[in-house]
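Being a predicted model, the structure only gives us computed values, none of them experimental. Ligands are counted one by one from 1 in listed order, and the atoms in each one are counted from 1 as well.
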Amino acid sequence: MEFFTAIQDIGVYVKNAKRNCKTIGLVPTMGSLHEGHLSLVRAAADECDVVIVSVFVNKKQFSAGEDFDKYPRDIKRDREILESANVDVLFAPTNAEMYPDSLATYVEVDAKLANCLCGATRPGHFRGVTTVVAKLFNICQPDMSYFGQKDAQQAVIIKRMACDLNFSTGISVMPIIRDNDGLAMSSRNSYLSENERIQALSLYKALCAVKKMVEQGEVCSSRIFRKIKQILISEKDIKIDYIAIVDNESLQPVETIKEKTLIAVAIFVGNTRLIDNVVVDGES
Ligand code: PAF
């Protein structure tokens with residue numbers, strides 16, 4: 001596996017790959033890799049000749065007071081995992097490499113998409129995400145790029161950015177990967193104590209319960225909302241950040257569950273913020 005930290009070096013690699021008519025699959029990550037990331041790597045390997053994984057903890061998507069400093073980082077471990085997964089390139093730039101001067105240009109996301117759900121309590125988060133992802137698209141020139149459905153709002157916004165700004169990469173959004181007990185895999189799960197982890201499972205339990213309700217014919221968003229809330233507040237260390245029942249493209253609230261409705265939830269378990277979601281079809 002090639003390991004690059006310099007934009008210029010990966011640029012030479014990408015140019016060569018393109019010259020040899022190789023298709024490139026990009027998996028952007030912030031490291032601390034788990035099975036969720038590896039599912040993206042496998043999808044990229046299935047569909048593309050060359051797989052590039054980027055590992056970069058992007059300061060610009062963290063608000064003041066968030067976990068940028070303590071975000072888990074272990075590039076040695078990530079490198080070993082990616083070697084074993086037969087990844088072709090690991091691109092792990094430094095902050096100075098990605099942001100040599102303070103930026104004068106950002107990719108701004110429309111408030112309707114960026115200021116709801118996670119964006120409501122994380123101002124500037126999606127601007128940070130789209131800006132770094134746009135830079136990664138330009139640096140790595142992917143034919144396909146892979147993101148996880150766990151970050152549902154991010155996936156919607158990146159698909160929209162790729163379309164609006166005419167990036168030539170296709171965007172593939174892969175299903176949520178869960179631990180055996182149902183907890184969605186996340187690098188932040190490592191913050192949870194044993195007891196918090198048990199309480200965190202109520203997030204999955206709530207989503208399963210409302211998915212079943214919809215399958216049995218429930219289409220009223222407020223009843224779905226109440227059911228999720230009832231399950232979550234039964235755990236003493238859980239604080240609800242948001243429960244959103246929205247259209248899966250516009251991210252605008254729906255009163256009645258429609259064809260592609262995103263039910264997304266964010267909670268704090270102790271100090272750890274967790275998100276999870278399910279897309280339901282109220283018309284089937
Ligand atoms: O999903 C993530 O890990 C990050 O938001 C991403 C897409 C790598 C951008 O920093």
Side-chain angles (χ1 to χ4, degrees), residues 4-5 7 10 24-41 43-44 51-63 66-75 77-78 81-82 87 89-95 97-99 103 106-109 113-114 117-119 121-140 142 144-162 165 167 169-177 184-191 251 264 266 272-277:
F4 299 119
T5 56
I7 293 171
I10 191 166
I24 296 177
L26 171 66
V27 181
T29 81
M30 297 207 299
S32 187
L33 301 174
H34 51 66
E35 258 316 299
H37 299 112
L38 290 179
S39 73
L40 307 182
V41 167
V51 178
I52 301 177
V53 177
S54 64
V55 170
F56 178 62
V57 184
N58 174 36
K59 196 168 186 176
K60 298 217 180 281
Q61 68 188 73
F62 289 78
S63 307
E66 286 191 339
D67 58 344
F68 175 72
D69 288 332
K70 72 165 191 173
Y71 195 85
R73 294 164 171 85
D74 190 344
I75 193 67
R77 177 181 165 275
D78 288 344
I81 289 174
L82 295 173
V87 163
V89 177
L90 165 57
F91 175 51
T94 59
N95 198 51
E97 182 71 5
M98 285 299 269
Y99 302 120
L103 287 186
Y106 288 84
V107 177
E108 198 68 56
V109 185
L113 289 182
L117 285 77
C118 292
T121 50
R122 305 188 73 191
H125 170 67
F126 288 108
R127 180 172 100 139
V129 170
T130 46
T131 301
V132 80
V133 171
K135 282 170 74 77
L136 289 167
F137 285 170
N138 283 331
I139 294 165
C140 301
M144 284 299 299
S145 303
Y146 298 83
F147 297 87
Q149 172 62 20
K150 188 176 76 67
D151 296 294
Q153 185 175 15
Q154 169 174 285
V156 168
I157 287 175
I158 286 171
K159 273 199 272 181
R160 195 58 205 266
M161 174 184 81
L165 301 186
F167 282 104
T169 180
I171 305 291
S172 186
V173 179
M174 302 303 294
I176 297 176
I177 302 295
M185 288 202 181
S186 162
S187 306
R188 290 188 169 101
N189 291 353
S190 64
Y191 301 154
L251 300 180
T272 306
R273 188 171 179 281
L274 299 177
I275 56 174
D276 202 347
N277 67 82

*Any idea which protein heavy atom is nearest atom 9 (C) of ligand 1, and the distance to it?*
Gln61 OE1, 3.3 Å

*When you measure from the side chain of Asp74 to the backbone N and O of Arg77, does any donor-acceptor pair fall under 3.5 Å?*
yes

*Would you check if the side chain of Lys135 reaches a backbone N or O of Met98 as a donor-acceptor pair within less than 3.5 Å?*
yes

*Could you pull out, from Ser54, Pro28, Ser32, the option with a heavy atom nearest to atom 8 (C) of ligand 1?*
Pro28

_Does ligand 1 come near enough to Gln154 that some N or O of the ligand is less than 3.5 Å from an N or O of the residue?_
yes

*Do the side chains of Ile52 and Phe4 get nearer than 4.5 Å, heavy atoms only?*
no

*Does NZ or CZ of Lys60 fall inside the cone over Tyr106's six-membered ring, less than 6.0 Å from its centre and within 45° of the axis?*
no

*asked:* How close do Pro93 and Phe56 get, counting heavy atoms only, and between which atoms?
replied: O-CD1, 3.4 Å

*Check Ile158 against ligand 1 and report side chain, backbone, both or neither, counting heavy atoms closer than 4.0 Å.*
neither

*Give the atoms of ligand 1, by number and element, whose distance to some non-hydrogen atom of Thr29 is under 4.0 Å.*
8 (C)

*Just which atoms of ligand 1 are under 4.0 Å from any heavy atom in Val132?*
9 (C), 10 (O)

